[in-house]
Amino acid sequence: MSSGQAAAPTRWQGLAAAWRRRDARERRLLLLGAGVLALYLLWALALQPALRTLRDAPARIDRLDVQMQTMQQQASEAQALRAAPPIPPPQARAALQAATAQLGGKARLVEQGERAVLTLDGASSQELQAWLNEVRVGARARVVELRLRQQPQGLSGTVIVALPQG
């Protein structure tokens, strides 16, 4: 028998002897303390996390439902755009320029063959979102690169879009 195996019974014997040396009142207090500790551990490790999950589940489900509806809406929109007939490049360029004109002096558009580069200086996120939507739907262009910085006066940076090829 190894020394670790021999030490285990003597440890238990030592603990049992220490328990017997305590008077009845001390033993009851120790048992009460152990019970309180056990109840706390049961609460902290099992019940509280489960109850928190049950409490938070409805709000989480609602958020996931909203996300799912948004994704379904985007999927149907993408399907509709794929099914839409292609537009000729001159019409796409005109739609792109019209969308950019709505940004006023906050944007400059440079066309480079089958791509266009929009340079922003101080546009709001709502203005950019409206521009992106108009470009996607009206010009059938898709964003290939987006580099933006949030500045105190608004968004600054570049957006590169690929124009449809007729």
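This chain uses plain numbering: 1 for the first residue, then up along the sequence.
- Residue Q97 qualifies as enclosed at atom CD: its count of foreign heavy atoms under 6.0 Å is above 12.
- Residues L155 and Q150 are in side-chain contact: their nearest non-hydrogen atoms beyond the backbone lie under 4.5 Å apart.
- Distance check: I87 CD1 to R93 CZ gives 10.5 Å after rounding to the nearest 0.5 Å.
- Here E127 contributes atom CD and L120 contributes atom CG; the two are 9.0 Å apart, rounded to the nearest 0.5 Å.
- The side-chain heavy atoms of L163 and R142, taken from C-beta on, include no pair separated by under 4.5 Å.
- Put simply, NZ on K106 and OG on S156 are 11.0 Å apart, with the number rounded to the nearest 0.5 Å.
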Mind listing the side-chain donor-acceptor pairs of residues 22-42 below 3.5 Å, one per line with the distance, residues two or more places apart or on another chain?
unit_1: D23; atom_1: OD1; unit_2: E26; atom_2: N; d: 2.9
unit_1: R27; atom_1: NE; unit_2: W19; atom_2: O; d: 3.4
unit_1: R27; atom_1: NE; unit_2: R22; atom_2: O; d: 3.2
unit_1: R27; atom_1: NH2; unit_2: R22; atom_2: O; d: 2.8

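- In plain terms, the two heavy atoms of P85 and R140 that are nearest each other are O-NH2, 3.4 Å.
- Nearest heavy atoms, A44 versus P49: O-CD, 3.5 Å.
- Note that CZ of R115 is 9.0 Å distant from CD of Q112, once rounded to the nearest 0.5 Å.
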- Task: Could you give me the CA-CA distance, side-chain angles and deciding distance for R149 and Q151, then say whether side-chain contact (heavy atoms from CB on, under 4.5 Å) is met?
- Result: CA-CA 6 Å; R149 293 178 315 278; Q151 304 288 339; 3.2 Å; yes
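- Nearest heavy atoms, P89 versus P164: CG-O, 4.0 Å.
- The closest side-chain heavy-atom distance from T119 to V159 is not below 4.5 Å.
- Between V161 and V117 the shortest side-chain heavy-atom distance does not fall below 4.5 Å.
- The hydrophobic clustering, which links ILVMFWY residues whose side-chain heavy atoms are closer than 4.5 Å, places L146 and W131 together.
- In this structure, the separation between CD on E134 and OG1 on T100 is 9.5 Å, given to the nearest 0.5 Å.
- The only member of V143, L96, L103 that meets side chain to side chain contact (heavy atoms under 4.5 Å, CB included) when paired with L118 is L103.
- Between the CD atom in Q48 and the OG1 atom in T53 there is a gap of 10.5 Å [rounded to 0.5 Å].
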